[in-house]
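All residue numbers in this chain count up from 1 along the given sequence. Counting starts at 1 for both ligands and their atoms, following the listed order.
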Amino acid sequence: MSAPAKPQPTAKPANFLRQVIERDLAAEAYAGRRFGGSPGDAAHHAAGAHDPARIRTRFPPEPNGYLHIGHAKSVCLNFGLAREFGGVCHLRFDDTNPEKEEQEFVDAIIEMVHWLGWSWDANGVSHLYYASDYFDFMYRAGEYLIEAGLAYVDEQTAEAMRASRGDFNTPGTDSPYRDRSREDNLRLFREMRDGKHADGAMVLRAKIDMASPNINLRDPAMYRIRHAAHHRTGDNWCIYPTYDWAHGVSDAIENITHSICTLEFEDHRPLYDWFNQRLAEAGLLQEPLPQQIEFARLNLTNVVLSKRKLIQLVEEGHVDGWDDPRMPTLVGARRRGFTPEGFRSFADRIGVSKADSWIDFSILEDCMREHLNGVAPRRIAVLDPVKLVIENYPEGKEEDCEAPNHPQKPDWGKRKVPFSRELWIEREDFAETPPKGYFRLFPGNKVRLRYGYVVECTGYDATSDTVRCRYDPDTKSGTPGAEKVKVKGNIHWLSARHSHAAEVRLYDRLFRVPYPGAGETDFLHDLNPDSKKVIEAQLEPALREAKPEEIFQFERHGYFVADRIDSKGREPKFNRAVTLRDSWQK
Ligand code: ATP
Ligand code: MG
């Protein structure tokens, strides 16, 4: 797959969602809506004022897991469109399933959406909502549909119900309970609510069309019995709405105009509309109703985003938890040193489409590099140290060299980097017998020690694993005449006496192939065995002060973020976010 073209900075990339919104705004499709100041039914909104939001979108996570990079796309899309068009984006927890949902996930999701840089506060109102707050309305609407002859209680077993649904080629067959009286349906539905029946004993179904070519319309379930405590409503309810029933109604209650979701819900759209239209006809929901619009979910090469697979990675110990920096979760990406700005520009760059496709992981890395290049102060780290001794530099002497904090930002100033007789340099910057074209240190060759002096290699002592050299005292960077000795190589170094050792984790892609688990293979076979390398590096003194989440460019190496301080930590440890160049390009 070829990478999408880079967008022009002035023009936002093509985005069919923008076109839909622009068309609706031009037609004033939603201009007459009123807003009751909070979510509510038609009467509540009718009593309110003209809705100040030109459009309303929402990000609707189910609080049953951690947000990942795919969710970040949806977050940026929904909040971004609202901002762009003078609208508001709601954060709504789709918490209609008591078993798997927890407050811990609610808190983590709130934190990550904030971290990505978005807010659901508008004009002093917080638009943070929970579908579970609409359970009363949904129940009332359920009774209404029963009274209108549009819903019934079905006591078939789950297997019988599945069998009578039919399939793509076969129409469904009516349940023997389909023509129950309204009184019986109402009585049974109330008994369901009152806890008189066991889990699975019966469901409330919409009465639509058992012969519909769209299987979603063959009398879908609306309520199931679950005697389970809910993270917010506790034991108030033992019936819970299905996704299809709850989602559109929640959108309508919140005055959402554009309900953006992923493609697999395309076939559910007629159902989304059916429920809302029936309730609007009854005067329960305000019109105009929200419209569901589908876009292609994000697929990223070398990454898995499926919740089931992510759980497996964590539970089987293939990674060190949900916030392992190799995980595609946002908590992981944050510890990796990926930034909100990088994610937002990624979301802009990839745009949205109607067709499923794969985005190359290197595009995400490029977005991170681009942002980090501008904001990360430069520091020096020797990742694979070997000693360099300057024979003609006095023992005990030390002096300062000056290194810029950012080469393109003189106003960020310079810092002092101490220099002395014994230095650390990268092992790969020395070769006893240089390969062709090598212009770093080898016996007889001269290089510049960046921000310091020109040195000439005099040899290598294998027993002490030490490279030896002599320096030219007239070549100190920044002094007059320093440039008179011309050299090809320019290498970084640290004074051994002043630098400190610290743990550095070199992270790489978690999967070594673009499409993990493609074909019939187990995705675990595609794990990259070299996705994490822990080394002990030498770091310049300034890095002792690094605070968790501070990100630096280690010159010539890449971008590294200070990890959170663990219980036994003194000096910060660093995680590699991304190298300076893509090493995966063939
Ligand atoms: P589940 O399988 O539990 O439904 P999910 O990843 O869809 O998992 P949700 O909490 O339902 O999780 O997702 C919240 C929102 O994020 C939804 O609107 C969904 O469409 C969107 N979303 C999820 N995954 C992606 C993805 N890969 N790309 C874009 N949007 C996504
Ligand atoms: Mg989902």
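In summary, the atoms of ligand 1 found under 4.0 Å from a heavy atom of H68, numbered by their order in the structure, are 6 (O), 24 (N). Interface of P60 with ligand 1, defined as ligand atoms under 4.0 Å from a residue heavy atom, comprises 14 (C), 18 (O). Within ligand 1, counting atoms from 1 as listed, the ones closer than 4.0 Å to a heavy atom of K307 are 1 (P), 3 (O), 5 (P), 8 (O), 12 (O).
A distance of 6.0 Å or more separates the ring centres of F338 and F346. You'll find the ring centres of H230 and F135 inside the 6.0 Å limit.
In this structure, D320 pairs ionically with K532, as a charged nitrogen and a carboxylate oxygen lie closer than 4.0 Å. A salt bridge does not link K307 with E62: none of the charged nitrogens is closer than 4.0 Å to a carboxylate oxygen. At a threshold of 4.0 Å, the pair D133-R232 counts as salt-bridged, since one of the basic side-chain nitrogens sits closer than that to a carboxylate oxygen.
Of the listed options K100, E62, R297, H71, H71 places a heavy atom closest to atom 12 (O) of ligand 1. Nearest-heavy-atom check against atom 19 (C) of ligand 1 across L67, T262, I359, L305 picks out T262. For atom 29 (C) of ligand 1, the nearest non-hydrogen atom from the set G70, A72, G65 belongs to G70.
Put simply, part of F59 is less than 4.0 Å from ligand 1, judged by heavy atoms.
Between W120 and H114, the ring planes lie parallel to each other; the angle is under 30°, not in the 30° to 60° tilted range.
Under 4.0 Å from ligand 1, the heavy atoms of N64 that appear belong solely to its side chain.
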